[in-house]
Amino acid sequence: MAQAAASELRLRILSGIAMIAVALGALWLGGTAFWALASLLAVLMMLEWSAMAKAAKWQAAVGAAIVAALMVTALPFIDPAAMARYSGRLIAQTIDLAGLGAILLAVIGFRARLGAGVLYTALPAIALVFLREQAEQGLVLALWTLVIVWATDIGAFFAGRAIGGPKLAPALSPNKTWAGLIGGMIAAAIVGALVARAGGLPAFCLFAAAPLAVAAQAGDLFESWLKRRSGVKDSGKLLPGHGGVLDRLDGVVPVAVLVAAAVAGGWL
């Protein structure tokens, strides 16, 4: 039993390192490379969302096509000239098109949950592309966003295992504890502050990591609720030791959208 748990943890760590390496490589390259990775992940997330919703194959295919189309409409975000001149217009257009895509899928698929999946999967992917392509400090800003989620997950995992204690939300996720939440917040605060300071991000970023860690954990709990509602343990089996893409990116969903909203609103 202990040997199996150790083997699973080792697999989880190794696959996690590999995923982070891929993400960092695409993040460093930016432009089309990062957009392509974000687009692929968004489509895979939508397919997993459709599977958990027990959608028909044609509904899943239409949902994935709509998300892919939305990512294509986000291509202007990687054009520095377009970002400089039409950033506000591009943001408004993206939100409008995402809303229309969600409504379209909900209507033709007769499933409001599928429409919600379009927003849940496309918006955070577009938000990350938007952050990466900021004219100044785009690389650091996107890295800071992702590092907060990674630090939260790692801190929560090890603090929860080492300390245990009262459960955070046993009805949603029986393994998550208050100690894990606090550990995740502390880890995110430390790592987030280090990245923000090293990258010259605004002072706001030095203190925003801990609240964003709470948002990341809320995203994790939301996905746990979705899986319980769907009667599945994992959203998929694509990622060894981690389950599906949704399982790995559930914390990124709210954090990416919140940080992108802060940048668009002029707070960052």
Side-chain angles (χ1 to χ4, degrees), residues 16-17 19-31 33-42 45 71 74 77-78 83 87 90-91 94-95 98 119-157 181 184-220 222-223 245-268:
I17 291 172
M19 286 185 285
I20 289 175
V22 171
L24 289 178
L27 189 63
W28 176 262
L29 292 171
F34 189 65
W35 169 85
L37 177 61
S39 299
L40 173 62
L41 293 175
M45 288 167 67
M71 294 307 299
F77 282 121
I78 68 174
M83 280 286 282
S87 179
L90 289 174
I91 294 169
T94 297
I95 295 173
L119 300 178
Y120 185 84
T121 58
L123 288 181
I126 295 172
L128 285 174
V129 173
F130 170 75
L131 291 173
R132 174 60 183 86
E133 298 306 316
Q134 293 300 299
E136 297 181 4
Q137 299 178 315
L139 172 60
V140 178
L141 192 56
L143 176 63
W144 178 76
T145 302
L146 292 173
V147 159
I148 287 172
V149 180
W150 295 340
T152 301
D153 286 347
I154 294 169
F157 179 76
L181 172 62
M185 292 174 66
I186 292 172
I190 293 172
V191 178
L194 289 173
V195 172
R197 189 173 184 82
L201 293 177
F204 174 81
C205 295
L206 295 173
F207 310 102
L212 287 172
V214 177
Q217 286 286 281
D220 197 325
F222 175 72
E223 208 239 340
V245 179
L246 280 172
D247 292 317
R248 187 67 271 142
L249 298 180
D250 48 15
V252 174
V253 172
V255 174
V257 172
L258 287 172
V259 176
V263 171
W267 300 317
L268 274 180

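Predicted model only: the values in this text are computed from it and were never measured.
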Taking every non-hydrogen atom, the tightest pair across Pro202 and Gln137: CD-OE1, 4.5 Å

Shortest non-hydrogen contact between Ala151 and Ala187, atoms and distance: O-CB, 3.4 Å

Shortest non-hydrogen contact from Ile148 toward Ala188: O-CB, 3.9 Å

For the atom pair OG1 (Thr94) and CE (Met71), what is the distance rounded to the nearest 0.5 Å? 9.5 Å

Side chains of Val259 and Trp144 in contact at under 4.5 Å (non-hydrogen atoms): yes

Residue pair Ala125 / Ala38: nearest heavy atoms and the distance that separates them: CB-O, 3.7 Å

Are any non-hydrogen side-chain atoms of Val253 and Met45 less than 4.5 angstrom apart? yes

Enter the distance from Thr152:OG1 to Ile186:CD1 here, rounded to the nearest 0.5 Å. 11.5 Å

Shortest non-hydrogen contact between Ala260 and Ala127, atoms and distance: CB-CB, 3.6 Å

Would you mind telling me which of Val255, Leu146, Leu249, Leu41 makes a side chain to side chain contact (heavy atoms under 4.5 Å, CB included) with Leu128? Leu146

Spacing of CG belonging to Asp220 relative to CG belonging to Leu246, to within rounding of 0.5 Å: 11.5 Å

To the nearest 0.5 Å, how far apart are CG in Leu131 and CG in Leu139? 11.5 Å

Tell me, do Tyr120 and Asp250 make a side-chain contact under 4.5 Å, heavy atoms counted? yes

Whether Phe130 and Phe77 hold their rings parallel, tilted or perpendicular, with breakpoints at 30° and 60°: perpendicular

Is there a donor-acceptor contact under 3.5 Å from the side chain of Trp267 to the main chain of Ala261? no

Looking at Gly138, is its backbone amide N or carbonyl O close enough to the side chain of Glu133 to form a donor-acceptor pair, meaning the two atoms are under 3.5 Å apart? no

Distance in Å, Glu223 CD paired with Asp247 CG, rounded so as to fall on 0.5 Å steps: 4.5 Å

Rounding to 0.5 Å, atoms CG (Leu37) and CG (Leu27) come to a distance of 9.5 Å

Could you tell me whether a side-chain N or O of Arg132 sits under 3.5 Å from a main-chain N or O of Trp28, the two making a donor and an acceptor? yes

Which heavy atom of Pro254 sits nearest to which heavy atom of Ala215, and what is that distance? CG-O, 3.3 Å

